[in-house]
Amino acid sequence: MASEDVVGKSRGDTAVTTIVNLAEEAKLAREGVKGPGHQVLTICKSLVAGGVAGGVSRTAVAPLERLKILLQVQNPHSIKYNGTIQGLKYIWRTEGLRGLFKGNGTNCARIVPNSAVKFFSYEQASKGILWAYRQQTGDEDAQLTPLLRLGAGACAGIIAMSATYPMDMVRGRITVQTDKSPYQYRGMFHALGTVYREEGFRALYRGWLPSVIGVVPYVGLNFAVYESLKDWLLQTNPLGLANDNELHVVTRLGCGAVAGTIGQTVAYPLDVIRRRMQMVGWSHADSIVTGQSKEALQYNGMIDAFRKTVRHEGVGALYKGLVPNSVKVVPSIAIAFVTYEIVKDVLGVEMRISD
C-alpha cells in the first residue's frame, strides 16, 4: 500500500512538473522569449529544410552528376563519353533511364544529411563570427562582410564534408559502375562494408584532403557570393528587382547560379583529383579508369595525383567533366538555396541565412 502511494505521488509530481514546464513555455512565448523547446524545434526545422533542399537539387541534376564523374575517371586511351550530349545519349542507349540516375539514391542518402549540416553549420558559424566581429569592432550594428561570409561558408563546408565523406567516397564508386563491370556494389551499405573489410577504415577517407581544400573555396564562395549579391540587389534595387525588401524567386535563382558557377570553377581541379584518389585500391576499377590492358595508376597522395594526372594526360585533364558539371551546378546550387528558404518559410522558421 505504501509503495502504491509512492508511485502515485511520483506520477503526480511528474504531471505537475510537466504542467509547470508548459506554463513556463507559454509565459516565455507571450513575453517574446523563446524557450528551450522552441529552440530545439527551430533547429530541427532548419535541418529538415537543408535536407530537403539538398535532395531536391541533386535529384534534379542526377544524370549530369553521373556523367561528370564518368568523364573525370574514364580511361583516356578508350574514350566512351565524349561531351555532354554524346555522353548522356550513350548512357541512355547502353543503360536506359535507370543508368541516368544510377547512384542517385546513394547520392541523396549522402547529400540530405550533408546539406542539412551545411546550411545549419553556416547559420551557426555566421552568428558566432558576427558576434566576435562586433565584439572586436565595438560596433553592435556591424554586419558580415563578404570575407567573413567566406569564412563561415568554409567552416560549414568542412564540417559537412567530414561528417558524410565515407558516403561520398562509395557513391563515386557506385556511380561509375556499369552493367559490364567485373564487380558490383549492391548499394551504399554494401559498398561501405566491402571497402572497410577489403581496404580498411582509412580507405573510406581516401581523397579527403583535396576534398576539404576544395570545399573551402567552393562552399565558402557559394555562400559568400549568394548572400553578398542578394544584399547588393536589395540595397541598390537595380531594374526594380526588389519588391518590399524581398527578391523574386527567379532573381534568387540567378544569385544562386552565379554563386555556384564561381565556386565550382575555382574548386573543380581538386574535385577531379578527389575522384581519382577514391578509385585507388578498388581492384576492379581498372576497366573504368585505365583500361583492361593498362596498369592501374597508384597515387601516394594529393600532390602525386596532381603530378601524374598532368604528366599522363595534360593540364586539361584537371577540368574533365567541367561542362556537364557547370550545366549541373548552375541549377543545382540555385535550386538548393531557394528551396531551403522556401521550406523554412513553410515551416515557419524565423531565422534566415542572412540573419
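No experiment lies behind these values; they were computed from the predicted model shown. Side chains are part of it too, since the values below use all heavy atoms of this structure and drop only hydrogens, waters and symmetry mates. For the single chain, residues carry numbers from 1 onward in sequence order.
In this structure, Tyr165 and Tyr205 have parallel ring planes: the angle between them is below the 30° cut-off, well short of the 60° mark. Under the 30°/60° scheme for interplanar angles, the aromatic rings of Phe119 and Phe223 are found to stand perpendicular.
Residues Val215 and Met169 share a hydrophobic cluster, clusters being chains of Ile/Leu/Val/Met/Phe/Trp/Tyr side chains in contact below 4.5 Å. Put simply, Val250 and Ile335 are part of two different groups of oily side chains (I, L, V, M, F, W, Y) that touch within less than 4.5 Å, one to the next. Under the 4.5 Å side-chain contact rule for hydrophobic residues, Val219 and Val216 share a cluster. No continuous path of ILVMFWY side-chain contacts below 4.5 Å connects Trp131 to Ile43, so the two sit in separate hydrophobic clusters. In the hydrophobic clustering of ILVMFWY residues, with side-chain heavy atoms under 4.5 Å counting as a link, Val112 and Tyr122 come out apart.
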Practice prompt. Dump the intermediate steps for side-chain contact (heavy atoms from CB on, under 4.5 Å) on Leu144 and Tyr133, then the final yes or no.
Written response: CA-CA 8 Å; Leu144 289 172; Tyr133 182 58; 5.7 Å; no

Worksheet item: What do the steps show when you test Leu322 against Gln264 for side-chain contact (heavy atoms from CB on, under 4.5 Å), and what is the final call?
Response: CA-CA 9 Å; Leu322 179 62; Gln264 65 94 28; 3.4 Å; yes

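Between the side chain of Arg252 and the backbone N or O of Phe337, no donor-acceptor pair lies under 3.5 Å. Side chain of Tyr226 to main chain of Ala334: no donor-acceptor pair is present (N/O by atom type, distance under 3.5 Å, no hydrogens or angles). Although no hydrogens or angles enter the test, the distance criterion places no donor-acceptor pair under 3.5 Å between the side chain of Tyr185 and the main chain of Val170.
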Under 3.5 Å, side-chain donor or acceptor atoms of residues 53-61 against the rest of the protein: list the pairs with distances, not counting sequence neighbours.
from, atom 1, to, atom 2, distance (Å)
Ser57, OG, Ala53, O, 2.9
Ser57, OG, Gly54, O, 3.1
Thr59, OG1, Gly55, O, 2.9

Only distances under 3.5 Å count here; give the side-chain donor-acceptor pairs of residues 232-241 to other protein atoms, sequence neighbours excluded, each with its distance to 0.1 Å.
from, atom 1, to, atom 2, distance (Å)
Thr236, OG1, Trp232, O, 2.7
Asn237, OD1, Leu241, N, 3.0
Asn237, OD1, Ala242, N, 2.6

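Atom CZ of Arg98 has 12 or fewer neighbouring heavy atoms from other residues, nucleotides or ligands inside a 6.0 Å radius.
Within the 4.5 Å cutoff, side-chain heavy atoms of Arg206 are placed close to those of Glu199. Within the 4.5 Å cutoff, the side chain of Thr339 has no heavy atoms near those of the Ile342 side chain. Side-chain atoms of Leu70 and Lys102, non-hydrogen and from C-beta on, never get closer than 4.5 Å to each other. Proximity of Leu148 to Leu130: side-chain heavy atoms (C-beta onward) are nowhere separated by under 4.5 Å. A 4.5 Å side-chain heavy-atom check between Tyr218 and Ile333 finds at least one atom pair inside the cut-off.
Taking Tyr196 as the reference, Phe201, Leu204 meet the side-chain contact (heavy atoms from CB on, under 4.5 Å) condition, with sequence neighbours excluded. Residues passing the side-chain contact (heavy atoms from CB on, under 4.5 Å) test with Ala305 are Ile273, Met277, Tyr299, sequence neighbours excluded. Partners of Thr164 under the side-chain hydrogen bond (donor to acceptor under 3.5 Å, both in side chains) rule, at least two apart in sequence or in another chain, are Asn114. With sequence neighbours excluded, the residues that form a side-chain contact (heavy atoms from CB on, under 4.5 Å) with Ala62 are Phe101, Asn104. With sequence neighbours excluded, the residues that form a side-chain contact (heavy atoms from CB on, under 4.5 Å) with Ala116 are Leu47. Arg307 is linked by a side-chain hydrogen bond (donor to acceptor under 3.5 Å, both in side chains) to Asp304, counting only residues two or more places apart in sequence or in another chain. Residues passing the side-chain hydrogen bond (donor to acceptor under 3.5 Å, both in side chains) test with Thr145, sequence neighbours excluded: none.
For residues 262-273, every residue pair satisfying the salt bridge (Lys or Arg N to Asp or Glu O under 4.0 Å) rule, not counting sequence neighbours, is listed here: Lys68-Asp271, Asp271-Arg274.
Contact record, Val225 with Ala259: CG1-CA, 3.7 Å, taken as the closest heavy-atom pair. Here the closest heavy-atom approach between residue Leu67 and residue Thr84 is recorded as CD2-O, 3.4 Å.
Residues Lys80 and Glu95 are not paired through a salt bridge, judged by the lack of any N-O separation under 4.0 Å between the basic side chain and the carboxylate.
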